[in-house]
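Okay, structure first, notes after.
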Amino acid sequence: MTTVLLTRPLTQVAALEALVAKNGHQPLLFPTLEIQALKARVKREHYDAVIFISANAVEFGLEILEKITYSAIFTVGAATAKKLNDYQIDVNDFPRKNASSEALLALESVSCLRDKKILIFRGKGGRETLRIGFEKNHNEVEYAQVYDRVICSLSVQHQQSLKVFLSDPKGYISVTSNENLDGLMALAKQMGQLDNIKQYPLIVLSARIKAYANTCGFSQIIITPNISDQAIASVLERDDTLDN
């Protein structure tokens with residue numbers, strides 16, 4: 001049985017935890033971030049396009065969405081589109097293969113937007129890729145920053161999970177964002193275990209996260225074939241794919 005350190009917020013990890021256990025591995029909860037709602041205001045009552053960059057953006061942005069009108073709605077990937085669909089909200093388009101800002105901007109339905117008013121639902125901070133891309137076509141971009149990601153306080157659960165994890169020389173760590181990785185490193189450093197966790201392979205969702213993890217000193221990194229819980233679990237069955 002392989003141990004798998006799961007670093008998602010506790011409110012979002014249940015499905016992955018169950019899947020890892022179902023596949024015969026031992027999930028260990030090590031939440032690195034807490035998601036906190038932010039109060040956001042928007043300038044307009046109507047937008048030509050609204051964009052959601054994550055499922056969290058959907059969860060915390062619905063109240064604003066219900067108060068405005070829009071001509072089209074886009075997401076950066078399938079998981080975020082599904083979250084909107086769960087609320088009976090239809091999505092015009094999203095990248096089918098690679099969930100990213102770059103892939104969204106490359107969509108024909110998005111690249112044709114010009115001289116439009118665009119509202120982006122996202123967390124506090126983050127990349128400026130979408131804004132830069134849209135402004136090249138003279139679009140006016142506004143953010144609705146509806147949540148913040150805060151590094152968790154060190155808890156007994158963190159200490160217990162990491163103790164069990166470090167006793168297994170063949171464990172894996174699941175990381176789903178750069179912020180997620182920052183939280184992992186901050187908590188491990190508080191426990192004096194940062195160098196030790198860097199000896200373990202990371203399972204990440206994108207080449208961008210892999211590149212960042214490399215700069216942080218991680219050398220064993222596996223990119224999942226797509227962004228899904230099943231893809232994370234499938235990596236555990238393919239030890240020979242480890243990218244050294």
Side-chain angles (χ1 to χ4, degrees), residues 1-21 23-36 54-56 79 100 122-127 147-224 227-229 231-239 241-244:
M1 178 184 292
T2 300
T3 56
V4 187
L5 201 65
L6 302 180
T7 59
R8 278 182 180 165
L10 291 177
T11 55
Q12 301 172 355
V13 76
L16 179 58
E17 179 186 11
L19 188 58
V20 169
N23 281 274
H25 305 293
Q26 182 181 3
L28 297 169
L29 301 185
F30 194 89
T32 68
L33 298 174
E34 294 178 355
I35 309 299
Q36 299 180 351
S54 68
N56 284 326
S100 69
R122 71 173 194 170
K124 184 178 180 180
R127 304 168 70 206
Y147 67 94
D148 196 7
R149 295 157 293 229
V150 180
I151 294 177
C152 293
S153 299
L154 188 63
S155 68
V156 172
Q157 181 181 48
H158 289 116
Q159 295 170 335
Q160 292 175 340
S161 291
L162 196 60
K163 181 179 179 180
V164 174
F165 179 74
L166 292 175
S167 69
D168 179 8
K170 296 183 178 180
Y172 290 81
I173 304 173
S174 170
V175 170
T176 55
S177 69
N178 289 353
E179 295 82 7
N180 191 203
L181 182 56
D182 284 338
L184 169 66
M185 292 189 295
L187 291 167
K189 185 176 181 179
Q190 290 181 52
M191 300 169 67
Q193 299 291 354
L194 182 55
D195 289 339
N196 286 332
I197 67 166
K198 288 183 180 181
Q199 307 307 311
Y200 285 82
L202 298 182
I203 301 173
V204 303
L205 301 180
S206 70
R208 185 171 66 88
I209 301 173
K210 176 184 176 180
Y212 181 63
N214 279 144
T215 68
C216 295
F218 291 87
S219 59
Q220 302 179 78
I221 305 169
I222 308 165
I223 303 174
T224 58
I227 298 179
S228 68
D229 290 346
I232 294 172
S234 70
V235 168
L236 301 172
E237 312 307 322
R238 300 184 289 111
D239 290 354
T241 65
L242 190 60
D243 185 359
N244 291 308

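The first residue of the sequence shown is numbered 1, and numbering continues consecutively from there.
- Residues Gln157 and Pro31 approach most closely at OE1-CD, 3.8 Å, considering heavy atoms.
- Residues in residues 11-21 take part in these side chain to side chain donor-acceptor pair (under 3.5 Å) pairs, two or more places apart or across chains: Gln12-Asn56.
- With values rounded to the nearest 0.5 angstrom, Ile232 atom CD1 is found 9.5 Å from Ile227 atom CD1.
- For residues 174-188, there are no salt bridge (Lys or Arg N to Asp or Glu O under 4.0 Å) pairs, not counting sequence neighbours.
- The salt bridge (charged side-chain N to carboxylate O under 4.0 Å, His left out) search around Asp229 returns Arg8, not counting sequence neighbours.
- Paired with Pro27 under the rule side chain to side chain contact (heavy atoms under 4.5 Å, CB included), one option of Val20, Leu16, Thr3 passes, and it is Val20.
- In this structure Thr2 satisfies the side chain to side chain donor-acceptor pair (under 3.5 Å) test with no other residue, sequence neighbours excluded.
- When the side-chain contact (heavy atoms from CB on, under 4.5 Å) test is applied to Asn23, the partners found at least two apart in sequence or on another chain are Leu19, His25, Ala233, Glu237.
- For residues 24-36, there are no salt bridge (Lys or Arg N to Asp or Glu O under 4.0 Å) pairs, not counting sequence neighbours.
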Mind running side-chain contact (heavy atoms from CB on, under 4.5 Å) on Leu184 and Leu5 for me, showing each step along the way? CA-CA 10 Å; Leu184 169 66; Leu5 201 65; 4.3 Å; yes
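- Listed here is the closest heavy atom pair of Ser153 and Leu187: C-CD2, 4.3 Å.
- Between the CZ atom in Phe165 and the NE2 atom in His158 there is a gap of 14.0 Å [rounded to 0.5 Å].
- In terms of modelled atom types and a separation under 3.5 Å, the side chain of Ser161 and the main chain of Leu29 share a donor-acceptor contact.
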In residues 192-209, what donor-acceptor pairs under 3.5 Å come from side-chain atoms, sequence neighbours left out?
unit_1, atom_1, unit_2, atom_2, d
Gln193, OE1, Asn196, ND2, 2.4
Lys198, NZ, Cys216, O, 2.7
Gln199, NE2, Asp195, O, 3.2
Tyr200, OH, Leu166, O, 3.3
Tyr200, OH, Asp168, O, 2.9
Ser206, OG, Arg208, N, 3.4
Ser206, OG, Ile209, N, 3.2

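- Gln160 pairs by the side-chain contact (heavy atoms from CB on, under 4.5 Å) definition with Val156, not counting sequence neighbours.
- Among residues two or more places apart in sequence or in another chain, the side chain to side chain donor-acceptor pair (under 3.5 Å) test is passed with Ser54 by Tyr147.
- In this structure, CZ in Phe30 is found 10.5 Å from CG in Asn180, a value given to the nearest 0.5 Å.
- The side chain to side chain donor-acceptor pair (under 3.5 Å) search around Ser234 returns none, not counting sequence neighbours.
- Interatomic distance, Ser174 OG to Leu28 CG, rounded to the nearest 0.5 Å: 12.0 Å.
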From CA spacing to verdict: side-chain contact (heavy atoms from CB on, under 4.5 Å), Leu181, Phe218: CA-CA 11 Å; Leu181 182 56; Phe218 291 87; 3.8 Å; yes
